[in-house]
Amino acid sequence: MSLLMTMINLVLLLSIFILFVQVFPEEAALRPNVVNVGAIFSFDTINGKVAKVAMKAAEDDINSDPSILGGRKLFVALHDSNYSSFLSFIGGILFPISSYFQLFSSVQFMETAMMAHVLSHLANGLYVPLFIAFNLLLFQTRSSIKFMETDTVAIIGPQSSVMAHVLSHLANELHVPLLSFTALDPGLSPLQYPFFVQTAPNDKFQMIAIAEMVSYFGWAEVIAVFSDDNQNRNGIIMLDDKLAERRCRISYKATLPPDPMAKRSDVLRELAKIQMMESRVIVLNTFSKTGLLVFEVAKSLGMMEKGYVWIASTWLSTVLDSTSPLKPETANSIRGALTLRPHTPDSKRKRDFISRWNQLSNGSIGLNPYGLFAYDTVWMIARAVKLLFDQGGNISFSNDERLISLTGMDLNLSALSIFDGGKQLLKNVIETKMTGLTGPVRFNQDRFLINPSYDIINTVETGYRQVGYWSNHSGLSIVPPETLYGKKPNRSSSNQHLDSVVWPGGETIKPRGWVFPNNGRELRIVVPNRVSYRDFVSVVNGTNKVQGYCIDVFLAAIKLMPYAVPYRFIPFGNGHENPSYYELVSKIAAGVFDGAVGDIAIVTDRTRIVDFTQPYIESGLVVVAPVKKISSNPWSFSRPFTPSMWAVTAAFFLIVGSVVWVLEHRLNDEFRGSPRQQIVTILTLVHKYMKFIYVFMH
């Protein structure tokens, strides 16, 4: 049933899109008094309600200034895409099967990229739902074309990326720019969808921000909980890539039905699985209805207590901004979570608009950043249309020759027309340079808004508090990003900062991010039950508790691990005699145990069958000698010289002197004379030579 509802909504949105596009029987070139813009949103959602008020406020502000459109009026036609009541039509609107195949037989119709993509989304391999949805498409298209009365130059929306993928093909065919500030799927490529423009930061940057937060806090693994739709699924794929770049990863992906179809049982089933896993860092990427349900169930399961980390995407900040005050049970269930909010710089225009908001909305809903983006999007279109007129362009439409020959089933498809100025209007939108409520509005060469940034918000007991910012320019900081744009980017880890966070359970100390999983196998660590040298490792008598220096080293190493390592100590030996270490090591090699902790010597035979850690007790070669207490005196230097040493030194002295005398006696007169004189000369000269050698060597 959920698949059928999704397909029906797709069909109905296609019909609304066609309703916005002008039908002309022949070409026209006009400068109408009214410039029509369509808007497709679900106005029962938070962003839909805020966007409705903001877009109408922008329309009034533009029309109050004749210089914007040269006296013409801007009209934003609002259409609600929530058509659940149309399910009652299913039984009465099915066309005959022959009509179904008649249209399918039209080669021209099937050649359009729009229909190919629509059918791929609707069919999904199920032919019966395709038949029902296709008949709904024909019914609604026929009704819309007959009802159509306006010329639409651009469309704001749709709200969801699922619809954006489909409607973007129509926009490509009919050259009608499609601008959305909520369908921010990273998979909506401008190469594939040239007429689709995202006027708020793409979810790619939100996922980069979350990845950098995970890396900043030092967590290695996260669990992703998300709704199974294009935007949230592609966001998690992007998050996985960005985490991998930072040597982190998603350990488990919990998929929920698309918002708002998730039931409590769906959420309970996934969170029960997550409770059994080791990671305690959970990223929640969904929309408000499903998101609040997840937090409600998590609270009931005790998953909003000490040790858990919850990071929610921007949907939570929209709830905090637009729903005030929160219900006590809702505020209690989200306490301690982190979330992101699109950052908009402070300005006088923004403050003035905020002061007007209660009057504009009649106090029905609070303003969030997507209301500011909605306001700026209307202004972007108005400025682009003004520039189109200044460039000499007109609002004109031409018939699509591929559809002229199509007849049957009263669809009048030949009436569909192409906006002649669509390409130029799109170019003007992309080249927008203005300062709006959201700050400077410009697109880079990839058609992303320049300087995407987010506020990082921590939900607390009294509401929420801001703990920092993230920007694509400087990463995490505690100062507004716009103050750093004039400086050289510095993304070093030492330059990343956030204020203190109050975590689930009221903790202010950063959670470890993991626990020992309940569904994981414990490592079997064998410990020798020694009798001697029990300071290294020992088993406390009468218990299974182990202690000692080796155990302390092992536990310290476990604490440094970035992930959970469950283990169990198993004593080895009878406690009456030291066990056989050879047998202990052999059992590890045989798989009886997973590892060992103890004073196990590293010897050659053992290294052939098991691996050892680096030694943590220094041994090496040592010399053991007795120590004698000897008094110190000026002649202490002579103690190493034994009588034999003195005799050898004297003999060496005489031998050197004799050699010198033999060599010098015949030629040097100083070596002649009486025997006493020659002996004195020899001793003096030998002393000089030895002194010279000592000085030379030093």
Side-chain angles (χ1 to χ4, degrees), residues 10 47 117 120-121 157-169 171-172 177-215 222-246 248-250 253-256 258-259 283-287 290-291 311-318 339-343 369-370 373 377 429-430 438 441-454 456 470-473 475:
L10 283 167
N47 284 340
H117 197 72
S120 68
H121 271 275
Q159 188 165 339
S160 81
S161 294
V162 176
M163 308 305 179
H165 278 274
V166 176
L167 298 186
S168 293
H169 281 288
N172 292 348
L178 197 63
L179 291 80
S180 180
F181 48 86
T182 54
L184 305 174
D185 180 4
L188 287 166
S189 166
L191 296 176
Q192 186 177 7
Y193 307 108
F195 278 84
F196 181 78
V197 181
Q198 294 172 331
T199 59
N202 186 284
D203 274 356
K204 165 187 175 181
F205 301 104
Q206 181 179 192
M207 296 303 122
I208 295 175
I210 293 176
E212 293 197 3
M213 290 167 60
V214 171
S215 177
V222 304
I223 293 174
V225 180
F226 62 98
S227 295
D228 192 16
D229 57 61
N230 286 41
Q231 183 162 338
N232 292 299
R233 187 190 317 111
N234 290 340
I236 293 301
I237 293 173
M238 180 64 67
L239 175 63
D240 204 3
D241 293 340
K242 297 306 175 183
L243 285 172
E245 293 175 5
R246 293 157 180 81
C248 306
R249 71 185 187 96
I250 296 177
K253 296 178 181 179
T255 307
L256 300 175
D259 186 84
V283 177
L284 181 56
N285 191 35
T286 180
F287 298 113
T290 300
I311 303 176
S313 52
T314 53
W315 68 266
L316 181 54
S317 66
T318 63
T339 184
L340 300 175
R341 175 173 62 194
H343 176 70
Y370 292 102
F373 284 112
T377 300
V429 168
I430 295 172
T438 59
V441 179
R442 292 178 181 81
F443 294 93
N444 61 20
Q445 60 183 4
D446 296 321
R447 287 175 48 172
F448 294 136
L449 286 174
I450 63 169
N451 298 327
S453 56
Y454 294 89
I456 300 175
W470 177 89
S471 73
N472 199 42
H473 177 80

CH2 on Trp315 to CG on Asn47, rounded to 0.5 Å: 12.5 Å
Student check: side-chain heavy atoms of Ser471 and His343 closer than 4.5 Å: no
Test item: Pro201 and Phe373 side chains (from C-beta on) under 4.5 Å apart, heavy atoms: yes
Spacing of CE belonging to Met213 relative to CZ belonging to Arg246, to within rounding of 0.5 Å: 12.5 Å
Glu212 to Gly475 - nearest heavy-atom pair and separation: OE1-CA, 3.7 Å
Minimum heavy-atom distance between Ile450 and Asn444, given as atom pair plus value: CG2-N, 4.1 Å
Side-chain heavy-atom pair Leu188, Ser161 within 4.5 angstrom cut-off: yes
Side chain to side chain, Thr314 and Pro342, heavy atoms closer than 4.5 Å: yes
Heavy-atom check, side chain of Asn172 versus side chain of Pro194, under 4.5 Å: yes
Heavy-atom pair with the smallest gap, counting every atom of Ala164 and Ala183: CB-CB, 4.0 Å
Parallel, tilted or perpendicular: ring planes of Tyr193 versus His165, cut at 30 and 60 degrees: perpendicular
Close side-chain approach of Gln231 and Thr182, heavy atoms under 4.5 Å: no
Closest non-hydrogen atom pair, Lys242 against Met207: CB-O, 4.5 Å
Residue of the set Ile210, Ile456, Val222, Leu340 for which side-chain contact (heavy atoms from CB on, under 4.5 Å) holds with Ile311: Ile210
Donor + acceptor pair across side chains of Ser317, Tyr454 (<3.5 Å): no
Distance (rounded to the nearest 0.5 Å) between Thr339 OG1 and Gln206 CD: 7.5 Å
Rounded distance [0.5 Å steps], CG in Leu243 versus CG in Leu239: 4.0 Å
Nearest-0.5 Å distance, CZ of residue Arg447 to CD of residue Gln198: 9.0 Å
Test item: Phe443 and Leu449 side chains (from C-beta on) under 4.5 Å apart, heavy atoms: yes
Considering all heavy atoms, the nearest Ala200-Phe181 contact: CB-O, 3.5 Å
CG-OG1 distance between Asn285 and Thr290, expressed to the nearest 0.5 angstrom: 11.5 Å
Ser227 side chain to Thr286 side chain, donor-acceptor N/O pair below 3.5 angstrom: yes
Sub-4.5 Å side-chain heavy-atom contact between Phe226 and Leu256: no
